[in-house]
Amino acid sequence: MSRYNHREVEPKWRERWAAAKIDRALSPDEAKGKPKAYILEMFPYPSGRIHVGHSRNYTMGDVIARFRRANGYNVLHPMGWDAFGLPAENAAMERGIHPKGWTYDNIAAMREQLKLLGLAIDWSREFATCDASYYKHQQAMFLAFWKKGLVYRKKQKVNWDPVDNTVLANEQVVDGKGWRSGAPVETRELEQWMFRVTAYADDLLAAIGGLDKWPDKVRLMQSNWIGRSQGARIWWDIAIVPDQLRAMSPPTGQSHARDPIEVFTTRPDTLFGASFLALAPDHPLTKTIAEFRPDVAKFIADCATLGTSEADIEKAEKVGVDLGIRVKHPFDESWELPVYAANFVLSTYGSGAIFGSPAGDQRDLDFANKYKLPFKPVVLPPGADAATHTITTEAYVDDGVIYNSRFLDGLSTRDAIARAIDELVKLEKGEATTQWRLRDWGVSRQRYWGCPIPAVHCAKCGVVPVPEKDLPIALPEDVTFERDKPGNPLDRHPTWKHTKCPACGSAAQRETDTLDTFVDSSWYFARFTDAHNETAPFDKELASYWLPVDQYVGGVEHAVLHLLYARFFTRAMRDCGYLELPGGEPFASLFTQGMVVHETYRRKQRGLMPSDVETVDGHLVEKATGFPVSTWGQSQFSGGSVIQAPSTTYFVSQAWLTPDEVEIVDGKAYERGKTLDGERIPVEIGPIEKMSKSKKNVVDLDAFVTDFGADVARWFVLSDSPPERDVEWTASGVKGAWNFVQRVWSLVDAHVREYGPHHPGRHRRHRGLSLQCRGGAFVRTDQRHRQTQRRGRRLRVRARRGFAHAQSADRPVHAAPGRGVLGKPGRGRLRRHRALAGRRPCFGRTQHRHTPHPGERQEARGNRGGQGPAPEGRGGRRPRPRGCETLPRGPKCPQDHCRCRPDREYRGELRC
RNA sequence: GCGAGCGUGGCGAAACUGGUAGACGCAGCGGACUUAAAAUCCGUUCGCCCUAAAGGCGGUGCGGGUUCAACUCCCGCCGCUCGCACCA
């Protein structure tokens, strides 16, 4: 019997598949009515090399793509590269190479690695987002969006790293500090390019309801992110104003300093419980007042320095400052309320101002208690007594009956909201409105390695779009990256940014900001439908044929941003005439897969004697092991006193080790092949984490495929855990996958030896598995496999979303190795058989308390004796006493003490 | 703080509408084959007690409840993971 030799078999089939171009997606004409299936995994960033952790994502998509094709679909399964981004610039800075070279080198290496995995990918459609042939169309689309009013410029607060001189994304700010420079991040107001995502807020939210093949979790996260709240906008007239303000010019956005203050609320029913107004620290009116009130100015400054880090917000006390303004209550001209600036009011939500209704909101209550502001409860909880109900330190935020509220008294919360809004409209003091948490998308990045924004700044004409015929605006390649010259290399390029104004022809400057790389990934799935189109981003017909993506596979980390942006883009593209896509949804079905995780290994820090250290090639290393050695300065101080003699301290510093550098003996980790004084050197085993370069807990794909083959890698990452959960890469797991692959080979090999390669209809049994040769492929035909399939179907019905949905035909959801096929009966099954044979009561340990149904007892007795084969009882289908063999579940039998369950479509007729 | 999810052997896990908990796989253990190892094959694997053979008891994070019957439903805790985070 032969053994499976992946080194022979895998290259052979890779070559055959490539030569036969079996992975090529057919054009709609060629497809001749075949249904289409667009299978896509989130495309990778070319960071370097592929490790086995990456492979899970692509293998899942691959399985679905192959399955679809085998079922007669016209499959599109492409691959590309999300190739713009910061790491390329960092690599350039650290190693003095060009981002372009670094990126394309990585792409070449990773492409070869992916090919080793034997993925069924249509490589003819490959592209990278940093190809000018790609971003040229992106620039054209940007112009189209601009024309359509979906692009605009706005001064916006940004995270600014004062050391690197660049804007940082929110994710790049860690504990209020720049992730790379470590410098405290400042907020700056910068003119930013914006995408008007909010134009589609309503649709983006409503359409989530139709995404029934998306995980609930992702749908929920998107809903929360869009964050719709309904309520009212209320204008509060100013009653008293400080004299200084009277004389000043009006704040931004207002025609007059005494214009009413606009407030957003979801609870206009609590208006009669109002006790103050509060403005955000950076509300225009607060800023205006700060000009003559030093205490307010200081308050604003304090809020700006604090506040950013999340832990701070948790601890921060609610503080504020009285602005000296009084406003009139909309329902009562004579009722005046104070106006504060308060640190807990967000300038970015609503109008940046609130009215405080302390009894109904915890924050307002904390604030009112701190500043001794009077308030009264206006919502009576169900069952509470109006005479005794009081609020002291805990607000009542739920619904109830309104009281203490004049014309709203006695109404429910719901009715009172409607009534209050009616009244506000009548008085012209307010109106119903919808507020969104979603904000427009700032896409400017002060970076080199990104798509240039096709705009020109002209002194006379202002900001002018670049004419479409001048596209692409290509990135210049002769740029410098130096640590000591921070900022955007495009900005300091000697010639690139100087140009002529397309409108008036006078000297002008190019926009040097580039687009956020999320823009690149917001339409790549559409480009794959027509990847080499030179005149348009893609052909409208082709895109309409292929889109939406039938199955999208990727990590949850993109649950909000990427997926939301892509949903925005398809709508914007549709409205700009690029594409027809009913519903506007790019991804019909989404699956978020689990990560591949691995133990981490850490070399511990260890002090050394000077005699243990030597210098090799100018680097200090430990003599015995060759480990790099670090030093500490000449002395150490503690509280001003020298605690250590001034001498150099040598030590081996803490370092992450790759699994290759570690050997495991009896559950303990040691440095592989290294000893110190004849002893193995212990290594600390760290937490199990997602495979990543930084923690070095990666298993390189090349080496693994050489040793074990792609099949083992693919089988392992799919079978060890359910696809949506993390899978831990372990030696024993690899061994299991290896054994399984060998078993399948030996079975098929034996079959082929006996019958030859093509013997349709022939069966062969092996370890409980039977195979049938059908049309050159082997199909499992054994009974147990069919049960597994049934189970898969049940699981699909239950898990109505996600991966289960992807495999809408007959496949087990959880591809456990040999599930139900290669094994042998366990004890549970034997026990079950014994029970069925009547040697053991059916209901186990509960039988002594069990009151049997009349028909049941007879049947159990009749079964006694243990003769003959047991009925097929595997797979959880419980044997049931004959008398009740109609459906055991469903509505309860109305007859007293009967434990049977009538048919689900119960028609008033008992079956027992 | 709010929201979502989860908690079952040495490990990955299964258990449908409440109906024999631990299917299936991995690792392990015992055996066969072998000079030996690997591979393969056979057996075994939740814990405890008992037995000649049977068998019995306990067990799904903890404490209650509903039910003839609870991993499953309800109430209250504990723990973990993820998301949002002063959103008015």
Side-chain angles (χ1 to χ4, degrees), chain A residues 1 3 216-218 220-221 223-225 227 229 231 263-267 270 278 307 310 313-314 316 318 342-346 348-351 353-357 360-364 366-367 435-437 556-557 559-560 716 719-722 725-728 730-737 739-740 742-743 746 767 784 787-788 790-791 793-795 797-798 812 814 816-829 831-832 834-836 839-847 849-853 873-880 884 887-891 897 899 901 904:
Chain A
M1 186 179 284
R3 303 262 296 139
D216 286 342
K217 183 187 163 124
V218 174
L220 185 73
M221 281 165 70
S223 303
N224 289 343
W225 187 267
S229 352
V263 151
F264 173 74
T265 182
T266 53
R267 295 292 300 272
T270 64
E310 289 162 12
I313 291 171
E314 186 70 22
K318 310 234 171 322
N343 64 347
F344 66 95
V345 181
L346 300 172
T348 49
Y349 186 76
S351 57
I354 60 154
F355 81 82
S357 185
D361 186 291
Q362 194 57 47
R363 293 156 303 178
D364 297 348
D366 293 346
F367 191 79
Q435 213 26 259
W436 302 91
R437 205 189 84 106
V556 241
E557 65 271 23
V560 176
F716 180 50
S719 69
D720 196 62
S721 268
R725 275 189 230 178
D726 288 351
V727 52
E728 191 192 346
T730 58
S732 67
V734 169
K735 189 177 177 235
N739 285 346
F740 181 76
Q742 294 294 343
R743 252 178 246 164
S746 68
R767 292 192 69 189
R784 274 181 273 175
Q787 287 178 350
T788 312
R790 274 204 291 275
R791 216 176 125 263
R793 232 173 278 137
R794 282 197 303 271
L795 284 176
V797 170
R798 196 160 41 97
H814 176 187
R819 167 195 282 278
V821 173
L822 294 183
K824 35 228 153 172
R827 213 185 67 166
R829 191 144 105 236
R831 246 201 279 158
R832 214 172 293 131
R834 278 200 298 268
L836 289 165
R839 278 181 284 138
R840 192 164 178 270
C842 277
F843 289 89
R845 64 176 190 273
T846 61
Q847 48 91 27
R849 275 188 285 167
H850 168 52
T851 317
H853 179 266
R874 223 204 119 269
R877 180 54 63 190
R878 277 97 184 168
R880 217 156 295 291
C884 286
L887 299 174
R889 303 181 195 103
H897 305 299
R899 49 176 289 282
R901 306 280 181 136
R904 193 177 306 170

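Below, chains carry the letters A, B, ... as their sequence lines are ordered, and counting in each starts from 1. These numbers were taken from a predicted model, which means no experiment stands behind them.
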Would you mind calling B/G22 syn or anti? Take O4'-C1'-N9-C4 for purines or O4'-C1'-N1-C2 for pyrimidines, and syn is within 90° of 0.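 Here B/G22 takes the anti form, which means its glycosidic angle is more than 90° from 0.
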Which base, if any, makes a Watson-Crick or G-U wobble pair with [N], both distances under 3.5 Å?
{"N": "B/G83", "value": "B/C2"}
{"N": "B/A88", "value": "none"}
{"N": "B/G30", "value": "B/C42"}
{"N": "B/G18", "value": "none"}

Side chain of [X] only, please: which of [options] is the nearest?
{"X": "A/Thr265", "options": "B/A85, B/A88, B/C86", "value": "B/A88"}
{"X": "A/Met221", "options": "B/G83, B/C84, B/C82", "value": "B/G83"}
{"X": "A/Leu346", "options": "B/A85, B/C82, B/A88", "value": "B/A88"}

Please confirm whether the backbone N or O of A/Gly231 pairs with a side-chain atom of A/Thr266, one donor and one acceptor, at under 3.5 Å? no
NA contact type, A/Leu220, heavy-atom cut-off 4.0 Å: base, sugar-phosphate, or nothing?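 Result for A/Leu220 = sugar-phosphate.
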So A/Val727, base contact, sugar-phosphate only, or nothing? Heavy-atom distance under 4.0 Å. nothing
Atom pair distance, as rounded to whole Å: [atom1] in [X] and [atom2] in [N]:
{"X": "A/Arg267", "N": "B/A88", "atom1": "CZ", "atom2": "C1'", "result": "11 Å"}
{"X": "A/Phe367", "N": "B/C86", "atom1": "CZ", "atom2": "P", "result": "17 Å"}
{"X": "A/Tyr349", "N": "B/A85", "atom1": "OH", "atom2": "C1'", "result": "13 Å"}
{"X": "A/Asp726", "N": "B/U81", "atom1": "CG", "atom2": "C1'", "result": "10 Å"}
{"X": "A/Phe716", "N": "B/G25", "atom1": "CZ", "atom2": "P", "result": "17 Å"}
{"X": "A/Phe264", "N": "B/C86", "atom1": "CZ", "atom2": "C1'", "result": "16 Å"}
{"X": "A/Glu728", "N": "B/A13", "atom1": "CD", "atom2": "C1'", "result": "14 Å"}
{"X": "A/Asn224", "N": "B/C87", "atom1": "CG", "atom2": "P", "result": "13 Å"}

What closest approach, in Å, do [X] and [Y] show between heavy atoms, and which atom pair accounts for it?
{"X": "A/Ala559", "Y": "A/Met221", "result": "CB-CE, 3.5 Å"}
{"X": "A/Glu728", "Y": "A/Phe716", "result": "O-CZ, 3.5 Å"}
{"X": "A/Arg437", "Y": "A/Asn224", "result": "NE-O, 3.3 Å"}
{"X": "A/Trp436", "Y": "A/Tyr349", "result": "O-CE1, 3.8 Å"}
{"X": "A/Phe344", "Y": "A/Ile354", "result": "CE1-CD1, 3.9 Å"}

Phosphate contact ([N] OP1 or OP2) by [X] side-chain N/O below 4.0 Å:
{"X": "A/Thr730", "N": "B/C26", "value": "no"}
{"X": "A/Arg437", "N": "B/A85", "value": "yes"}
{"X": "A/Arg725", "N": "B/C11", "value": "no"}

For atom [atom1], what is the distance between [N] and [M], given to the nearest Å?
{"N": "B/A14", "M": "B/A32", "atom1": "C1'", "value": "32 Å"}
{"N": "B/G7", "M": "B/C71", "atom1": "P", "value": "14 Å"}
{"N": "B/U45", "M": "B/A53", "atom1": "P", "value": "15 Å"}
{"N": "B/C74", "M": "B/A23", "atom1": "C1'", "value": "29 Å"}
{"N": "B/A21", "M": "B/A37", "atom1": "P", "value": "41 Å"}
{"N": "B/C82", "M": "B/C49", "atom1": "C1'", "value": "44 Å"}
{"N": "B/G19", "M": "B/A70", "atom1": "P", "value": "11 Å"}
{"N": "B/C46", "M": "B/G22", "atom1": "C1'", "value": "8 Å"}

With a 4.5 Å heavy-atom cut-off, do A/Thr265 and A/Phe355 have their side chains touching? yes
Closer to the 5' end of RNA chain B via nearest nucleotide, is it A/Gly350 or A/Ala737?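 Taking each residue's closest nucleotide, the earlier one in sequence belongs to A/Ala737.
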